[in-house]
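First the structure, in the form of structure tokens, and then the observations on it.
These numbers were taken from a predicted model, which means no experiment stands behind them. Hydrogens, waters and symmetry mates play no part in the numbers below; they use all other heavy atoms, side chains included.
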Amino acid sequence: MANNLLLILGAFLLLAAAAVVWRLAGWNARTRTETLRRFLDGLGRGEFRAARPGEFAGAWETVGSALTDASTKLAARIEHLADERDFSAAVLTSMSEGVAVVDNRERILFANAAFTDAVGSADDCRGRPLLDVVRHTSLIEAVEGALRTAETVRGEVEFGTVRPRTFALTAAPVASTAARGVVLVLHDVTEIRRLERVRRDFVANVSHELRTPLTTIQGFAETLLAGALDDPAARRKFLEIIRDHAARLGRITDDLLKLSAIEGGSMTFRMEPVRLPQLVEHCIEAVSLKAKARGLEIEGHAPESLPLVLGDPLRLEEVLKNLLENAIQYTPAPGSIRLTATAEGENAVLCVADTGIGIPSTDQQRIFERFYRVDVARSREAGGTGLGLAIAKHIVDAHQGRLRVESELGKGSRFFVSLPVCPPEPAAAPEELPAAPQEAVPQQPTEPTEKPA
């Protein structure tokens, strides 16, 4: 009986111990599992940290060490990717070319400041449909073509109405394992297209300007060879015409070379202080005979108190002579021309005023262009090359000055040349005057004193 009781008691204790062990093992497993879950949840939220001491103990210590190592490596990897992303974003943002990324639904994923400025959007373009931001048919068609054919599409688009800007467009398809899209690049070629137009216009104008005297020379030469050489009067007249047009060809060539030298920066300027009264006097003397021959009054006025200007006297004289000769050419008799010089703040202003036919307001902004003439027939009749004002403007610009015009049709014109004055020289320190010689004061003779013995 006693033995049975002991067996029952032992079995009960064994079962109780097993239950306690089972409960403890379950609690320990749940605790470690919860710890592991919290650690992994932290990794999912970006909390990359090492396991705290005792957080994974016993058999779980190896798991904790592995998780710490994985967390450290993952943090370093993500930091490296974030640095690369920030660097790429900084490069794209600072680019002068407009860059935008569009997905396959034509929604903008990225756009730098240059792109938003090019398309004229004041708001952030990210996340917006491309059609809401850009309403340009060529650009939309380029994106759709790149998405459809998976090939790069190139073209040219123009934005703006008041000051249009031209851009070279490149739409390159981008495909990844997750999605497809298009990278748009806008490169500003406005200045390049403008220079191309200027070059085409320049070539056309030069060809036209040279064709007229060449055709005249060729025509009269053929006339002479056809029998006009036997007529002394006609021969002399034709030869004079050939001479005049050959001289005009020479002037055009000289002006073209001069303009090319100025624009190419190869023309040298001998800068020195220039006295405006002397400059005005020289210019008036150079054109006075031509003005009087046309029945025009011409005068100049420049006070002696005017400050000096820093410039090349020969080049400045060339500018003023050109303006005066234009005034003589377009001022009918009886008329007057006046060249004055005044001081306005830190600038000296030279003004050539006439009572001529004036310049229409629509032409005033273009008269400084090469070969541009308001009165083509009259300019060619006087032997003008159409380059004088363009050369004058370039010379004034090289002196850090400004050349402008004010005119009213039928009431004359006024051309203003504004030039900066020479900076004042620092005042020299006053020299010390030599000290006046002092008169010698006669000394009274002293009687010698006897030294005591």
Strictly under 6.0 Å, is that where the ring centroids of Phe269 and His399 end up? yes
Report yes if the side chains of Leu316 and Leu419 come closer than 4.5 Å at any heavy-atom pair, otherwise no. yes
Would you call Cys283 and Leu324 a side-chain contact if the rule is heavy atoms closer than 4.5 Å? yes
Quick check: closest heavy atoms across Val280 and Gly300, and the distance to 0.1 Å? CG1-CA, 4.0 Å
Has the side chain of Arg294 got a donor or acceptor atom that lies under 3.5 Å from a matching backbone atom of Ile328? yes
Under a 4.0 Å threshold between the charged nitrogen and the carboxylate oxygen, would Lys321 count as salt-bridged to Glu318? no
N/O donor-acceptor pair under 3.5 Å between Asp312 side chain and Arg270 backbone: yes
For the student: nearest non-hydrogen atoms of Leu403 and Val396, plus distance: N-CG1, 3.9 Å
Applying side chain to side chain contact (heavy atoms under 4.5 Å, CB included), run through Leu214 and Arg211 and close with a yes or a no. CA-CA 5 Å; Leu214 286 174; Arg211 185 183 297 113; 5.8 Å; no
If you measure from CD on Glu408 to CD1 on Ile357, what distance do you get to the nearest 0.5 Å? 14.0 Å
May I ask you to decide if Gly127's main-chain N or O and Arg107's side chain share a donor-acceptor pair within less than 3.5 Å? yes
How are the rings of Phe415 and Phe368 set relative to one another: parallel (under 30°), tilted (30 to 60°) or perpendicular (over 60°)? perpendicular
Which atom names give the shortest non-hydrogen contact between Ser413 and Gly358, and what distance separates them? OG-CA, 3.6 Å
Side chain to side chain donor-acceptor pair (under 3.5 Å) test vs Asp397 passes for just one of Gln400, Lys393, His394, namely Lys393
Salt bridge (charged side-chain N to carboxylate O under 4.0 Å, His left out) evaluation trace for Glu196 with Arg193: CA-CA 5 Å; Glu196 289 178 352; Arg193 296 295 178 263; 3.5 Å; yes
So, the side chain of Thr116 versus the backbone of Ala113: is there a donor-acceptor pair under 3.5 Å, distance only? yes
Any side-chain heavy-atom pair of Val133 and Val119 under 4.5 Å: yes
Donor-acceptor pair, side chain of Thr355 and main chain of Gly412, under 3.5 angstrom: no
How about His187 and Val189: do any of their side-chain heavy atoms sit closer than 4.5 Å? yes
With side chains defined as the heavy atoms from C-beta onward, is the minimum distance between Arg126 and Leu109 less than 4.5 Å? no
With the threshold set at 4.0 Å, does a side-chain nitrogen-carboxylate oxygen contact exist between Arg275 and Glu304? yes
Are more than 12 heavy atoms from other residues, nucleotides or ligands located less than 6.0 Å from atom CZ of Arg165? yes
Can you tell me how far CG of Leu229 sits from CG of Leu224, rounded to the nearest 0.5 angstrom? 5.0 Å
At their closest point, which heavy atom of Val352 faces which heavy atom of Ala327, and how far apart are they? CG1-CB, 4.3 Å
Please determine whether the number of non-hydrogen atoms from other residues, nucleotides or ligands lying under 6.0 Å from atom CZ of Arg154 exceeds 12. no
For the residue pair Thr149 and Gly145, what are the closest heavy atoms and their distance? OG1-O, 2.6 Å
Calculate, to the nearest 0.5 Å, the distance between atoms CG and CG belonging to Asp244 and Leu249 respectively. 11.5 Å
Give, for atom SG of Cys422 and atom CD of Glu346, the distance between the pair rounded to the nearest 0.5 Å. 12.5 Å
Check this for me, if you would: do Asp231 and Arg236 make a salt bridge, where the nitrogen-to-carboxylate-oxygen distance has to be below 4.0 angstrom? no
Is any side-chain heavy atom of Ile252 closer than 4.5 Å to a side-chain heavy atom of Leu210? yes
Decide side chain to side chain contact (heavy atoms under 4.5 Å, CB included) for Asp103 and Val182; before the verdict, give the C-alpha distance in whole Å, the side-chain angles of both, and the deciding distance to 0.1 Å. CA-CA 6 Å; Asp103 62 13; Val182 174; over 6 Å; no
Distance in Å, Ile337 CD1 paired with Thr331 OG1, rounded so as to fall on 0.5 Å steps: 4.5 Å
is_close_aromatic(Phe159, His136), centroid dist under 6.0 Å: yes
More than 12 foreign heavy atoms under 6.0 Å from CD of Glu297: is that the case here? no
Quick one: does Leu308's side chain get under 4.5 Å of Val274's, heavy atoms only? no
Using 4.0 Å as the upper bound for N to carboxylate O, is an ion pair formed by Glu191 and Arg194? yes
Are any side-chain N or O atoms of Thr166 and backbone N or O atoms of Glu158, one a donor and one an acceptor, separated by less than 3.5 Å? no
Given side chain to side chain contact (heavy atoms under 4.5 Å, CB included), test Leu147 with Arg180 step by step and report yes or no. CA-CA 8 Å; Leu147 288 173; Arg180 295 187 306 114; 4.3 Å; yes
Side chains of Gln218 and Glu222: is there a donor and an acceptor less than 3.5 Å apart? yes
Enter the distance from Glu97:CD to Thr170:OG1 here, rounded to the nearest 0.5 Å. 10.0 Å
Would you name the heavy atoms of Leu350 and Ala341 that are closest together and state the gap between them? CD2-CB, 3.4 Å
Verify, without hydrogens or angle tests, whether Ser407 (side chain) and Ile359 (backbone) share a donor-acceptor contact under 3.5 angstrom. yes
Within 45° of the six-membered ring axis of Phe416 and under 6.0 Å from that ring's centre, is NZ or CZ of Arg404 located there? yes
Walk me through whether Leu139 and Leu130 qualify under side chain to side chain contact (heavy atoms under 4.5 Å, CB included). CA-CA 10 Å; Leu139 191 145; Leu130 181 64; 4.0 Å; yes
Asp354 vs Ser336 side-chain heavy atoms within contact, under 4.5 Å: no
